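What you are looking at is a predicted structure, and each value in this text was computed from that prediction instead of being measured. Nothing fancy with the numbering, it's 1 onward along the sequence.
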Amino acid sequence: PSGNYSNSQGYDNELKRILFEIEKRENYESALKDLEIYVYENPQNANGWNLIGFVSRKLGDFENAEIYYATGLEIEPNHDDILAYQGQLYLETDRYDMALENLAKLTEICVFNCDEKLELSAAIKKYELENNL
């Protein structure tokens, strides 16, 4: 996800192990299997829902990614990673206005060093260029 697996506050050892697989090995299929078990066993962990949404999106399963992100946001409505990745999902599924809404939320909740806001902002700018907006 953010490219820095040491930036994983709130991640237990199992999630850190899975995150390492995702970031260092880009082994999304294996990570998805592990995350399916993880979220079943830890249904109130928004970070687990964030990662399973991320992996599903990377595998092109936008429908499930959307469900997973929404579940994570029900648990933690201001989860900055989920808001950023959900915004990218919106761009990938041509829902530009919804991506802008997520950027507005991130702008509201992120004050300092908000990589998630910068990542989504860059993705929106790229989308605007590619679609002549």
Side-chain angles (χ1 to χ4, degrees):
S2 67
N4 180 3
Y5 69 91
S6 62
N7 182 19
S8 53
Q9 311 90 314
Y11 281 51
D12 61 26
N13 287 337
E14 180 65 6
L15 270 189
K16 286 179 182 177
R17 183 192 64 74
I18 297 168
L19 185 59
F20 181 83
E21 282 294 312
I22 294 167
E23 291 187 333
K24 295 299 174 199
R25 296 192 174 88
E26 293 188 7
N27 191 350
Y28 299 131
E29 291 86 0
S30 174
L32 181 62
K33 289 179 183 129
D34 290 343
L35 286 163
E36 286 170 346
I37 294 165
Y38 185 87
V39 297
Y40 178 78
E41 294 175 349
N42 302 276
Q44 292 303 312
N45 188 312
N47 292 323
W49 292 107
N50 174 48
L51 287 182
I52 196 169
F54 177 84
V55 167
S56 297
R57 182 171 59 87
K58 289 295 188 180
L59 290 169
D61 184 357
F62 298 142
E63 190 174 323
N64 275 322
E66 187 151 347
I67 291 166
Y68 298 145
Y69 288 143
T71 302
L73 289 172
E74 284 177 25
I75 297 163
E76 196 176 320
N78 290 335
H79 194 290
D80 50 4
D81 280 334
I82 296 176
L83 288 168
Y85 294 140
Q86 183 186 54
Q88 291 182 25
L89 171 68
Y90 290 151
L91 294 174
E92 291 174 40
T93 54
D94 291 318
R95 293 179 286 168
Y96 172 74
D97 290 341
M98 293 173 81
L100 291 178
E101 288 174 23
N102 278 34
L103 182 60
K105 285 180 197 170
L106 283 169
T107 300
E108 196 177 292
I109 63 172
C110 291
V111 182
F112 300 107
N113 298 325
C114 191
D115 291 337
E116 296 79 13
K117 181 174 75 173
L118 297 174
E119 286 176 23
L120 182 55
S121 183
I124 288 171
K125 283 183 176 65
K126 182 179 180 215
Y127 183 90
E128 289 170 345
L129 286 171
E130 290 172 352
N131 293 280
N132 299 313
L133 298 176

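No side-chain donor-acceptor contact under 3.5 Å links Asn45 and Tyr11. For the residue pair Tyr90 / Gln86, a side-chain donor-acceptor distance below 3.5 Å is found, with atom types taken as modelled. In this model, a donor atom of one side chain and an acceptor atom of the other lie less than 3.5 Å apart for Tyr38 and Asp12.
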Step by step, work out the side-chain contact (heavy atoms from CB on, under 4.5 Å) result for Asn27 and Ile22. CA-CA 6 Å; Asn27 191 350; Ile22 294 167; over 6 Å; no
What's the verdict on side chain to side chain donor-acceptor pair (under 3.5 Å) for Tyr28 and Asp61, showing C-alpha distance, side-chain angles and the deciding distance? CA-CA 12 Å; Tyr28 299 131; Asp61 184 357; over 6 Å; no
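A heavy-atom distance below 4.5 Å is not found between the side chains of Asn78 and Lys105. Asp34 has its side chain out of reach of Val55: every pair of non-hydrogen atoms, C-beta onward, lies at least 4.5 Å apart. Gln88 has its side chain within reach of Glu119: a pair of non-hydrogen atoms, C-beta onward, lies under 4.5 Å apart.
A salt bridge is defined here as a Lys NZ or Arg NE, NH1 or NH2 lying under 4.0 Å from an Asp or Glu carboxylate O, and Glu14 with Arg17 meets this definition.
Summarising the geometry, atom CD belonging to Glu101 is positioned 11.0 Å from atom CG belonging to Leu103; distances are rounded to the nearest 0.5 Å. Here the CZ-CZ distance, from Phe20 to Arg25, works out to 4.5 Å after rounding to the nearest 0.5 Å. Here Tyr69 contributes atom OH and His79 contributes atom NE2; the two are 10.5 Å apart, rounded to the nearest 0.5 Å. Residue Glu74 holds its CD atom at 9.5 Å from CD of Gln44, rounded to the nearest 0.5 Å. With rounding to the nearest 0.5 Å, the separation of CE in Met98 from CZ in Arg95 is 5.0 Å. In this structure, CD1 on Ile82 lies 12.0 Å from CG on Leu89, to the nearest 0.5 angstrom.
Classified by interplanar angle (parallel below 30°, tilted 30° to 60°, perpendicular above 60°), the ring pair Trp49/Tyr68 is tilted.
Here the closest non-hydrogen pair linking Cys110 and Asp80 is SG-CB, 4.2 Å. Summarising the geometry of Gly87 relative to Ala99, their closest heavy-atom pair is O-CB, 3.5 Å, with the distance given to 0.1 Å. Of all the heavy atoms in Ser56 and Leu32, the pair that sits closest is OG-CD1, 3.7 Å. Closest approach of Ala46 to Gly72, counting heavy atoms only: CB-O, 3.7 Å. Closest non-hydrogen pair, Leu120 versus Leu83, comes out as CD2-O, 4.2 Å.
Follow the hydrophobic side-chain contacts under 4.5 Å out from Leu35 and you never reach Tyr40; the two are in separate clusters. Using a 4.5 Å cut-off between side-chain heavy atoms of Ile, Leu, Val, Met, Phe, Trp and Tyr, with links allowed through other members, Leu59 and Ile37 fall into different hydrophobic clusters. The hydrophobic clustering, which links ILVMFWY residues whose side-chain heavy atoms are closer than 4.5 Å, places Leu129 and Ile124 apart.
Asp94 CG: more than 12 foreign heavy atoms inside a 6.0 Å radius.
The closest donor-acceptor contact from the side chain of Ser121 to the backbone of Lys117 lies at 3.5 Å or more, if one exists at all.
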